[in-house]
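Residue numbers begin at 1 in each chain, while the letters A, B, ... track the order of the sequences.
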Amino acid sequence: MIDVKLLRSNPEKVEEALSRRGGTVSLDSFLELDKKRRELLVETENLKAKQNSVSKSIPALKKEGKDVAPIFVEMKEISERVKAIDEEIRQLEGEIDKVLLTLPNIPHEKVKTGLSDEDNEVIRHWGEPREFGFEPKAHWDIGEELGILDAATAAKVTGTRFTFYKGDGATLERAIINFFLDTHTKHGYKEVFPPFMVHRSSMQGTGQLPKFEEDAFKVANTDYFLIPTAEVPVTNMHREEILNADELTIKYCAYSACFRAEAGSAGRDTRGLIRQHQFNKVELVKFAKPEDSYSELESLTADAERVLQLLGIPYRVVRLCSGDLGFSSAMTYDIEVWMPSYNRYVEISSCSNFEDFQARRAGIRFRRSPGSKPEFVHTLNGSGVAVGRTVACILENFQNEDGTVTIPEVLLTYMGKNVIEKE
RNA sequence: GGAGAGAUGGCUGAGUUGGCUUAAGGCGCACGCUUGGAAAGCGUGUGUAGGUUAACACCUACCCAGGGUUCGAAUCCCUGUCUCUCCGCCA
């Protein structure tokens, strides 16, 4: 959510900044509703002040034996007017909230103006895409031939965009999760294991709702949603809290399954592990002081990069342009890994600074010192990293001509073997 | 799933026969006095949000949440959420 005071004091600037995301934005309706609301507020508050002062004098008047009946008649009228105005204000606030909750975050000024991923800035590369001395296969073919990935059975049991991992495939998935968690906890992240379902307010707190409800799975007969990422439960851990400044920066890492309806991506990435309705991810989440949040974004991105470096997977880091930026984010670095089957880099991690956008929605604040005013924290998160895509990446990048796959050294203790071959 | 109890400022804890309570008292915290320095003691202050104002200030709301009764609600009524206890079921 954007600061209402900023919207009031500088609407043109906000409109201009938001239009960098594409399309035009007008705050006129908000400004009008806001003005009307404040006018009514003054009126009802004055009436309430009168109610309070008269009420306070009633016991004394009664004691003196005065007739209070005429006062009650007048007060009854005031009471009814207050009720009517309050109802009107409630409706206005509903409309104002609707506007506020659908406005995306303001992109950081360093974020390049652009329309799509074609305008993203490449920040750096690590490693070189491997030159194959043979025709490399796609991970869905490798996985099927080795008998470790099975989309057909998942389609029979559930539907499309699901996969059974079997044998060494299942073990590899589990090994990667543990490797990621161990690496991040070693670097100061506290491990949490969150609920995989959250209520509506949590989804709203991190920005998935109200605008993107069709992207989420809603659990029937409840008001719960399957989490699209651990970002949702973990960021909301501190909702409606005032943290101490000396606790910050708080760093969490969390494994979770993630569930996405993938509405609007029909026909895209239909084969393999790249776009599934359910996938595993280890997420990194930070709560930081505003002045620290951009250096924390750099270190968070570096923490996500570390696991890829340890696995020996070549990647590049791009900074998303304004048009490609997520709804809640002020700045995002995507980490993209080289995927031979796609013959291009594919996103495996997205690291964002939301500044106070989520904190404002979820009410996450901190106090600099005892007695000082609470301020909103800045929240950040990033994949550290997507597990299914890592499996795909390992299968493709480390495949051998004979159809076997060499497992990165760092996974040896987790896997118990360094080659996956057909059983 | 059934029965019962509960939810009050950072913490603790009164108030629950509706109006002398602007939510008592204690703890904690901040500042001051005291002291060679500290502790103790004494004094003062100490919630959040919204609004009015050039400012000093003032006003309004908030006792889990949302409705209702009333001139007036922490207090009475309804609905919901959560916590605890017991029973049932259960990995």
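Here, B:rG10 and B:rG4 have their C1' atoms 32 Å apart, quoted to the whole Å. Straight-line distance between the P atoms of B:rC31 and B:rU17: roughly 43 Å, to the nearest whole Å. The gap from the C1' atom of B:rA74 to that of B:rG15 amounts to 8 Å, rounded to the nearest Å. For the C1' atom pair drawn from B:rC63 and B:rA24, the interatomic distance equals 14 Å after rounding to whole Å. Nucleotides B:rC56 and B:rA40 place their P atoms 36 Å apart, quoted to the nearest Å. Taking the C1' atom of each, B:rC59 and B:rG6 are spaced 35 Å apart, rounded to whole Å. Here the separation of B:rG43 from B:rA54, taken at their C1' atoms, is 36 Å to the nearest Å. The separation of B:rU22 from B:rA61, taken at their C1' atoms, amounts to 14 Å, rounded to a whole angstrom.
Whole-Å rounding puts the A:Phe72 CZ to B:rU70 C1' distance at 9 Å. Straight-line distance from the CG atom of A:Leu7 to the P atom of B:rG50: 13 Å, rounded to whole Å. Atom CG of A:Asp97 and atom C1' of B:rA49 are 14 Å apart (whole Å). Nucleotide B:rC82 holds its C1' atom 15 Å from the CD atom of A:Glu240, rounded to whole Å. As rounded to whole Å, 14 Å separates atom C1' of B:rG10 from atom CG of A:Asp246. Taking atom CD of A:Glu74 as the reference point, atom P of B:rC71 lies 13 Å away to the nearest angstrom. The distance from atom CD1 of A:Ile242 to atom P of B:rC11 is 10 Å, rounded to the nearest whole Å. Rounded to whole Å, atom P of B:rG19 lies 17 Å from atom CG of A:Leu61.
A glycosidic torsion no more than 90° from 0 defines the syn conformation, and B:rG9 adopts it.
Counting only N and O atoms by type, the side chains of A:Asp334 and A:Ser350 include a donor and acceptor under 3.5 Å apart.
The phosphate of B:rC71 (OP1 or OP2) has a side-chain N or O of A:Lys76 nearer than 4.0 angstrom. For A:Arg365, a side-chain nitrogen or oxygen approaches OP1 or OP2 of B:rA49 to under 4.0 Å. Contact annotation: A:Arg90 does not reach the phosphate of B:rA61 (side-chain N/O to OP1 or OP2, under 4.0 Å). Put simply, A:Arg367 has no side-chain N or O that comes within less than 4.0 Å of OP1 or OP2 on B:rU46. Contact annotation: A:Lys83 does not reach the phosphate of B:rU70 (side-chain N/O to OP1 or OP2, under 4.0 Å).
Listed candidates were B:rC71, B:rA61, B:rG51. Nearest to the side chain of A:Asn52 is B:rA61. In the set B:rG72, B:rG51, B:rA61, the nucleotide with an atom closest to the side chain of A:Ser79 is B:rG72. Out of B:rU48, B:rU60, B:rC71, the shortest distance to the side chain of A:Glu45 is found at B:rU60. Of all nucleotides listed (B:rG50, B:rU52, B:rU60), B:rG50 comes nearest to the side chain of A:Arg37. In the set B:rC59, B:rC71, B:rC82, the nucleotide with an atom closest to the side chain of A:Ile58 is B:rC71. Each of B:rG50, B:rG72, B:rG67 was ranked by its minimum atom distance to the side chain of A:Lys5; first place goes to B:rG50. When distances run from any side-chain atom of A:Gln51 to the nucleotides B:rA61, B:rG72, B:rC59, the shortest one goes to B:rG72.
Within 4.0 Å of A:Lys373, counting heavy atoms only, lie sugar-phosphate atoms of the nucleic acid but no base atom. Residue contacts for A:Arg360: at a heavy-atom cut-off of 4.0 Å it reaches no nucleic acid atom on any strand shown. Across all strands, A:Leu41 comes closer than 4.0 Å only to sugar-phosphate atoms, never to a base (heavy-atom distances).
Nucleotide B:rU52 has B:rA57 as its partner under the Watson-Crick or G-U criteria, with both atom distances under 3.5 Å. Using Watson-Crick or G-U wobble geometry with both donor-acceptor distances under 3.5 Å, B:rA40 finds no partner in any strand shown. Pairing for B:rG80 is with B:rC64, a Watson-Crick or G-U wobble pair whose two hydrogen-bonding atom distances lie under 3.5 Å. Nucleotide B:rA73 forms a pair with no other nucleotide shown, judged by Watson-Crick or G-U wobble geometry with both contacts under 3.5 Å. Across the strands present, B:rG45 finds its partner in B:rC29; the criterion is a Watson-Crick or G-U wobble pair with both atom distances under 3.5 angstrom. The partner of B:rA14 is absent, by the rule that a Watson-Crick or G-U pair needs both atom distances under 3.5 Å. Pairing for B:rU35 is absent, with no Watson-Crick or G-U wobble pair whose two atom distances lie under 3.5 Å. Nucleotide B:rA23 forms a pair with no other nucleotide shown, judged by Watson-Crick or G-U wobble geometry with both contacts under 3.5 Å.
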Item checked: Pair A:Phe287-A:Glu247, side-chain contact (heavy atoms from CB on, under 4.5 Å): steps then yes or no -> CA-CA 9 Å; A:Phe287 301 82; A:Glu247 304 176 67; over 6 Å; no
Margin query: side-chain contact (heavy atoms from CB on, under 4.5 Å) for A:Ile364 and A:Thr235? Distances and angles first, verdict last.
Written below: CA-CA 9 Å; A:Ile364 310 168; A:Thr235 304; 4.2 Å; yes
Next item on the list: Output, in order, the C-alpha distance, side-chain angles, deciding distance and verdict of side-chain contact (heavy atoms from CB on, under 4.5 Å) for A:Val307 and A:Val282.
Entry: CA-CA 11 Å; A:Val307 296; A:Val282 169; over 6 Å; no
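In this structure, the ring of A:Phe327 has its center less than 6.0 angstrom from the ring center of A:Phe357.
The environment of CD in A:Glu262 is crowded: more than 12 heavy-atom neighbours from other residues, nucleotides or ligands sit within 6.0 Å. Crowding of A:Lys211 atom NZ: a count of heavy atoms from other residues, nucleotides or ligands under 6.0 Å exceeding 12. Crowding of A:Leu61 atom CG: a count of heavy atoms from other residues, nucleotides or ligands under 6.0 Å exceeding 12.
When each of A:Ile71 and A:Ala49 is assigned the nucleotide of RNA chain B bearing its nearest heavy atom, the one mapping closer to the 5' terminus is A:Ala49.
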